Number of protein chains: 2
Amino acid sequence: MQLVESTADLASVESIEQELTLLVRRAQKVYLRGAPAAQVVERAAYGILAWLHDMGPLRPGALAAHFHLDASTISRQVTSLEQAGLVAREPDAEDRRACRLRLTEHGQEVLTATRAERRGVVRGLLQSWSREDLANFASLLAAFNAGLDHQLSQSTREESQP
Amino acid sequence: MQLVESTADLASVESIEQELTLLVRRAQKVYLRGAPAAQVVERAAYGILAWLHDMGPLRPGALAAHFHLDASTISRQVTSLEQAGLVAREPDAEDRRACRLRLTEHGQEVLTATRAERRGVVRGLLQSWSREDLANFASLLAAFNAGLDHQLSQSTREESQP
DNA sequence: TGAGTATGGTTGGTACATGCAACTAGTTGA
DNA sequence: TCAACTAGTTGCATGTACCAACCATACTCA
């Protein structure tokens with residue numbers, strides 16, 4: 001690790017900070033405005049459905065940890081997903097306080113449709129990118145996310161053990 | 001432009017879509033949680049301050065256009081910035097319905113402090129990245145944002161001229 | 001084994017960001 | 001000059017989020 005960063009690196013950091021600020025504000029909207037039928041499920045719900053799909057049945061707490069959200073937030077979102085019939089609660093055999101959340105068949109379908117929508121939007125945005133840039137962007141984004149995740153986990157941990 | 005994308009490209013798009021979903025949800029939190037003193041101004045306010053700083057006095061409508069937000073949203077945020085003494089309204093000589101928004105000196109200071117905070121957070125996250133990755137990420141993010149901006153402008157325009 | 005503590009989840013209250021609809025006040029053009 | 005338009009604000013609804021208080025179950029240890 002370098003102790004002295006060059007001005008070029010600093011400029012990159014500044015630019016990244018700037019671009020992230022814009023990106024965060026704009027990205028959601030494209031999903032909602034650009035894709036006419038994308039509102040199949042709301043933004044928050046989509047993440048939950050996708051994660052349940054990828055990971056299989058999970059407890060609410062596991063979702064909260066993954067998204068770094070308050071348990072109450074997840075609880076409400078799960079409730080509305082359940083009411084919409086996209087997710088089902090099963091009792092957790094190992095802990096009767098808890099439950100396990102599973103995608104329903106309808107949830108599967110909705111996830112598939114929404115994901116296709118969203119991928120279509122992203123594909124449209126990246127239409128003219130070179131293969132190399134695509135691959136690069138994907139891996140850099142993933143790396144950045146990993147850093148974010150780590151950072152968030154760390155500050156959460158600090159809170160509980162000061 | 002290619003009509004047929006390879007499976008490798010599709011995988012990149014899928015991965016990018018996935019990572020963006022996470023990024024959007026997580027990025028804001030790092031600014032708020034990771035940086036103890038970052039709450040100098042809220043997320044929404046920061047963007048406005050920064051843009052006013054870069055562009056000089058602007059009308060609310062110009063801000064709304066830049067951020068692709070509803071005029072009412074900007075109006076409220078500007079009101080609270082004004083109450084906090086970060087932004088001042090001046091009458092617009094050319095149109096008495098409108099006004100021009102200018103950073104106050106205090107606004108300048110707060111922007112500088114907040115920006116430093118945020119850049120610090122980003123720098124921390126990118127600490128171990130190579131110079132090349134930094135530069136790449138910065139330029140790819142910028143390109144993606146430009147695409148987003150274009151896409152959002154387009155759908156806005158379609159609304160008014162169907 | 002029973003009291004005290006810890007944990008998983010839910011609910012109440014609150015705050016903020018945002019959009020749409022309705023409104024006010026000023027501008028423009030036939 | 002009057003109708004149509006535009007800039008901005010305000011009222012109302014919704015989505016997302018947090019914290020605090022709470023319930024039920026699980027765990028610990030004297």
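So you know, we letter chains A, B, ... as the sequences are listed, proteins then strands, and number each from 1. Just so you know, these numbers come straight off a predicted model, no measurement behind them.
Atom CD of Glu94(B) and atom P of dT28(C) are 10 Å apart (whole Å). When rounded to the nearest whole Å, the span between CG of Leu152(A) and P of dA17(D) equals 13 Å. For the pair Leu63(B) CG and dA7(D) C1', the computed distance is 13 Å after rounding to whole Å. Between the OH atom of Tyr46(A) and the P atom of dG15(D) there is a distance of 20 Å, given to the nearest Å. In this entry the distance linking CZ of Phe67(B) with P of dG19(C) reads 13 Å, nearest Å. Note: CG (Leu58(B)) to P (dA7(D)) measures 14 Å, nearest angstrom. As a whole-Å value, the separation of Leu81(B) CG from dC16(C) P is 13 Å. Taking atom CZ of residue Arg26(A) and atom P of nucleotide dT18(C), one finds them 13 Å apart after rounding to whole Å.
Annotation: side chain of Gln77(A) is not in contact with side chain of Leu63(A) (no heavy-atom distance under 4.5 Å). Side-chain contact between His68(B) and Asp149(B) is present, with at least one heavy-atom pair separated by less than 4.5 Å. In this structure the side chain of Val13(B) never reaches within 4.5 angstrom of the side chain of Ile16(B), judged on heavy atoms.
A donor-acceptor pair under 3.5 Å is absent between the side-chain atoms of Lys29(B) and the main chain of Leu152(A), judged by distance alone. Put simply, the side chain of Ser12(A) never gets that close to the backbone of Ala138(B): no donor and acceptor are under 3.5 Å apart. A donor-acceptor contact shorter than 3.5 Å is absent between the side chain of Ser15(B) and the backbone of Ala11(B). Judged by distance alone, with hydrogens and angles left aside, the side-chain atoms of Thr114(A) form a donor-acceptor pair with the main-chain N or O of Val110(A) at under 3.5 Å.
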Heavy-atom protein contacts under 4.0 Å, nucleotides 2-9 of chain C, coded B base, S sugar-phosphate only, - none: ----BBSS
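Thr73(A) has a side-chain polar atom (N or O) that falls below the 4.0 Å cut-off from OP1 or OP2 of dC18(D). Contact between the side-chain N/O atoms of Lys29(A) and the OP1/OP2 oxygens of dG19(C) is found at a separation under 4.0 Å. Distances shorter than 4.0 Å separate none of the side-chain N or O atoms of Gln77(A) from OP1 or OP2 on dG15(D).
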From CA spacing to verdict: side chain to side chain contact (heavy atoms under 4.5 Å, CB included), Arg123(B), Asp9(A): CA-CA 10 Å; Arg123(B) 198 178 313 123; Asp9(A) 294 340; over 6 Å; no
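Residue-level contact check: Arg100(A) touches neither bases nor backbone, having no heavy atom under 4.0 Å from any strand.
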Sub-3.5 Å pairs of nitrogen or oxygen atoms, protein against nucleotides 21-24 of chain C:
none

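The side chain of Arg96(B) lies closest to dG26(C), out of dG26(C), dA17(C), dC18(D).
In this structure, Leu81(B) and Ala45(B) approach most closely via the heavy-atom pair CD2-CB, 3.5 Å.
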